[in-house]
There are 2 protein chains.
Amino acid sequence: MQQAIAVLDSGVGGLTVVKEVMRQLPQEKVIYFGDTARSPYGPRSAGEVRTFTRQIVDYLIQFNPKMIVIACNTATAVALDDIRERVSIPVLGVISPGARAAIKHTRSGIIGVIGTDGTIRSKAYEHALRLISPHIQVYSEACPLLAPFVEKGLFDADRSQEVVEQSLKPLVGKPMDCLILGCTHYPFLTDAISSVMGPNVTLISSADETAREISTILYHRNLLATSGHLPIHQFFCSGEPELFKKIAENWLKEQISITPVVWQVPTII
Amino acid sequence: MQQAIAVLDSGVGGLTVVKEVMRQLPQEKVIYFGDTARSPYGPRSAGEVRTFTRQIVDYLIQFNPKMIVIACNTATAVALDDIRERVSIPVLGVISPGARAAIKHTRSGIIGVIGTDGTIRSKAYEHALRLISPHIQVYSEACPLLAPFVEKGLFDADRSQEVVEQSLKPLVGKPMDCLILGCTHYPFLTDAISSVMGPNVTLISSADETAREISTILYHRNLLATSGHLPIHQFFCSGEPELFKKIAENWLKEQISITPVVWQVPTII
């Protein structure tokens, strides 16, 4: 039985990582958990997000995955170290891959970051960027409306343009040469974000870059799947499965089956 | 005393990795060894290249580095596994980072590779690409004239255009969307290669991508330098130091000091 990569998110955002894993690592099996019943994570306290992330990891670990990917920037910002201590397999977050890619890309040393309230408040990107390159200048902006917009399936350019314009207003004209999409929901809005920021600002998708780093870590740990077969992925969600299924199939361009999960633990919703 | 990243190459090619390490990881100290006395490695037998690589690693290991980077595609193709067994610190080659970056980039699934005779003959890129993504189509071409040209310092666009045109002729017009510069000497010739291949073919530098992966592996192994200070790098070369110094300072845009090394072991030159 092939060991899978377990990917989790507050909702549908982590599907942007899954899509890139499917493209960059076509032999890898993915098990995905979208915590749609408790989405969005952005406005929640760090403690709550840590508890939710632990619950999902405890659920996923029963499938004996070879790696856990916290495909949610908010959860990465507050729960990555905690989960790394909890399990013995590699755990990847989505923040440091995006930070490394932005450092590789930038020529001006000036980088923009957008994310949820929780991610921006944590200053996790500033920390990840300056840990490596102390003189990087960062403009960051919380865009709390964007992830919930995507969760509702409203990410076509027509409907999202206005909310994207409003959200990015404070960053337009700032002298950055790249902008980190510091929430895995934002690649759904790439066209609108790109048209607002203009051609001189390269968008760095934390989702795409994380898929690349999953590939790197699997290679260096001798964990790459090399069966030659296309795997069958598994999807779980804690909320209403129909909207999740619709968004997922539209985004991944393939049919999927979803297993609904009802939290049996006492939890704050 | 800060532990360094040890970088080795047949000559000046690995300086393209060093330049990117200096840019992407400004706090990391580098120890560089260019085996200019025995360059080029491209036409040599696999056995010879393995012996030379071992000798350099044995030399560098005395400085207690935290990582070894085989910044030579020819040596990576034939000696990476051997060196990994020989030392207990992480050893990175330059082939799989370039392969992963090309897979991330390509939309057509058709990728070009140029390298030395030794690299192309080894089929190391085909292997690295298809290990991850079995249906990738690869056009590869040995360009034996290019690395020696760079070693002589003849890499300005005027002088290199003709030899680059001749070398790439078999690849021009092939339906690839990216071309892996599968020799660390080739980023010296980026302008000429880019003008020959045209705007629809993105160049993937194995050097730039390796620097990015050095950053990834240092982070995941908790080995990142975080002193806040700029380090002083060290350079060694086995051949005539003056030309090496001239090329290195011109490429790195900073002054360096070089320690010449004379091989004391019996060796084939």
Side-chain angles (χ1 to χ4, degrees), chain A residues 19-28 67 80-81 84 90-93 95-109 127-136 204-205 207-231, chain B residues 19-28 67 80-81 84 90-93 95-109 127-136 204-205 207-231:
Chain A
K19 188 176 187 172
E20 277 298 303
V21 169
M22 287 163 64
R23 194 179 71 79
Q24 294 183 39
L25 293 161
Q27 300 174 94
E28 298 295 338
M67 170 182 274
L80 179 63
D81 293 341
R84 283 197 169 138
V91 181
L92 266 68
I95 289 177
S96 71
R100 274 189 283 282
I103 286 172
K104 175 170 182 286
H105 180 82
T106 188
R107 299 286 150 175
S108 66
H127 181 73
L129 289 162
R130 293 199 180 123
L131 177 76
I132 301 170
S133 194
H135 301 295
I136 291 282
I204 308 282
S205 159
D208 296 8
E209 301 303 336
T210 299
R212 158 90 187 271
E213 290 211 6
I214 291 169
S215 180
T216 303
I217 300 301
L218 290 179
Y219 165 80
H220 282 279
R221 298 223 182 195
N222 264 326
L223 290 171
L224 276 172
T226 54
S227 66
H229 302 304
L230 286 182
Chain B
K19 187 176 188 172
E20 277 298 303
V21 169
M22 288 163 64
R23 195 179 70 79
Q24 294 182 38
L25 293 161
Q27 300 173 95
E28 297 296 339
M67 171 183 273
L80 179 63
D81 292 343
R84 283 198 168 137
V91 181
L92 266 67
I95 289 178
S96 71
R100 275 189 282 283
I103 287 172
K104 175 169 182 287
H105 180 82
T106 188
R107 298 287 150 175
S108 66
H127 181 73
L129 289 162
R130 293 200 180 122
L131 177 76
I132 301 169
S133 194
H135 301 295
I136 291 284
I204 308 282
S205 159
D208 295 10
E209 301 302 336
T210 299
R212 158 90 187 271
E213 289 211 6
I214 291 170
S215 180
T216 303
I217 300 301
L218 290 179
Y219 165 80
H220 282 280
R221 298 226 182 191
N222 264 326
L223 291 170
L224 276 173
T226 55
S227 67
H229 301 303
L230 286 181

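The chains referred to below are lettered A, B, ... by the order of the sequence lines, with proteins before strands, and numbering in each begins at 1.
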A/Ser96 versus chain B, the contacting section by heavy-atom distance below 4.5 Å | side chain
Against chain B, work out which of A/Glu20, A/Arg23, A/Glu209 has the most heavy-atom pairs shorter than 4.5 Å and name it.
-> A/Arg23
Among A/Ile103, A/Thr226, A/Thr216, A/Leu218, the residue with the most heavy-atom pairs under 4.5 Å to chain B is A/Thr216
Give the minimum heavy-atom separation between B/Ser133 and A/Gln27, together with the two atoms involved.
-> N-NE2, 4.3 Å
Go through B/Ile217, B/Leu92, B/Asp208 and name the one with the most non-hydrogen pairs under 4.5 angstrom from chain A.
-> B/Ile217
Find the one option among A/Ala128, A/Ala101, A/Ala225 whose heavy-atom pairs under 4.5 Å with chain B are most numerous.
-> A/Ala101
Over all heavy atoms of both residues, which pair between A/Ser215 and B/Ile132 is shortest? Give the atoms and the distance, please.
-> OG-CD1, 4.1 Å
Taking the side chain as every heavy atom from C-beta outward, state whether B/Gln24 and A/His105 have any atom pair closer than 4.5 Å.
-> no
Determine the option with the most heavy-atom pairs under 4.5 angstrom with chain B, choosing from A/His135, A/Arg130, A/Arg107, A/Glu28.
-> A/Arg107
Top residue by heavy-atom pair count (under 4.5 Å) with chain A, among B/Thr106, B/Leu25, B/Leu224, B/Leu131?
-> B/Leu131
With the side chain counted from C-beta on, respond yes when A/Glu213 and B/Glu213 share a heavy-atom pair under 4.5 Å apart, and no when they do not.
-> no
Could you walk me through whether B/His220 and A/His220 pass side-chain contact (heavy atoms from CB on, under 4.5 Å), step by step?
-> CA-CA 11 Å; B/His220 282 280; A/His220 282 279; over 6 Å; no
